[in-house]
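The structure appears below as structure tokens.
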Amino acid sequence: MTTLPVGKEGDPSAATLGGWNVAVSKYSTKQEAAISLALYLAGPEAQKQRAINESNLPTIIALCDDPYIAAAQRIIPQWKDVFLNAVPRPSAPTLGKYIEVSAKFWSAVHNTLSGKGSAAENLELLEIELNDIKGSGW
């Protein structure tokens, strides 16, 4: 495993934020119990156990420094810097157009890696397509 490549020497590598999402349906007939479970699952004790037993990356940064996690899953402490430099997925700024934007990115990368145009050409086309999707705003 390694971090994502950078655009130019000296730039930081940036992963996108994600996580183990937990939610409670507003239609749940057991709201109190569901909220209690969601808080437990998102809490440090459950995340620590999932990190140790399943190698799930914790979303609580301090757990990356936990010696028990480090002993069981040596890769997890190495991800702390990745988390600290992570950026929001394009879904945050693109709102409801995320799927379309994501597909355009995927196609541009795929075309480049498949030899269908150069990276510069595909990025230029991607910029035009994204500006068309964006219009006057996301």
Fellow cluster residues of V24, listed by chain then number, with links counted only when side-chain atoms sit under 4.5 Å apart: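 Once heavy-atom contacts under 4.5 Å are chained together, V24 belongs with I35, L39.
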Give the other cluster members for V109, using side-chain heavy-atom distances under 4.5 Å between Ile, Leu, Val, Met, Phe, Trp and Tyr residues; answer none if it is isolated.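 Taking Ile, Leu, Val, Met, Phe, Trp and Tyr as members, V109 shares its hydrophobic cluster with L113.
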Please name all residues satisfying side chain to side chain donor-acceptor pair (under 3.5 Å) with [X], sequence neighbours left out, ordered by chain then number.
X	result
K48	D66
E54	N56
T112	N122

query = What are the two closest non-hydrogen atoms of I52 and Q73, and how far apart are they?
reply =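 Of all heavy-atom pairs spanning I52 and Q73, the closest is O-NE2, 3.0 Å.
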For P44 against L63, the heavy-atom pair lying closest together: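 Smallest interatomic distance, heavy atoms only, reads O-CD1, 3.8 Å.
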- ring-ring contact (aromatic ring centres under 6.0 Å, His included) contacts touching residues 106-126 (sequence neighbours left out):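 Qualifying pairs: W106-H110.
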Residues which pass side-chain contact (heavy atoms from CB on, under 4.5 Å) with [X], listed by chain and number, not counting sequence neighbours:
X	result
K80	I61, C64, D65, L84
E45	Y40
D132	I128
A70	P77

- prompt: So, S118 side chain and E121 main chain: donor-acceptor pair closer than 3.5 Å or not?
  reply: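 Side chain of S118 to backbone of E121, a donor-acceptor pair under 3.5 Å: yes, one is there.
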Backbone N/O of L57 and side chain of R50: donor-acceptor pair under 3.5 Å |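 No; judged by distance alone, with no hydrogens or angles, the pair does not exist.
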Supply the atom-to-atom distance [X] [atom1] to [Y] [atom2], rounded to the nearest 0.5 angstrom.
X	Y	atom1	atom2	answer
L126	I133	CG	CD1	8.5 Å
I69	Q49	CD1	CD	8.5 Å
E129	E124	CD	CD	11.5 Å
I75	Q78	CD1	CD	4.0 Å

| query | Which pairs count as salt bridge (charged side-chain N to carboxylate O under 4.0 Å, His left out) when at least one residue sits in residues 23-37, sequence neighbours excluded? | reply |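 Checked against salt bridge (charged side-chain N to carboxylate O under 4.0 Å, His left out) - neighbours excluded - no pair reaches residues 23-37.
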- Task: Determine whether K104 and V101 make a side-chain contact, defined as any pair of heavy atoms from C-beta on separated by less than 4.5 Å.
- Result: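 When only atoms from C-beta onward are counted, V101 and K104 do not touch, as no gap falls below 4.5 Å.
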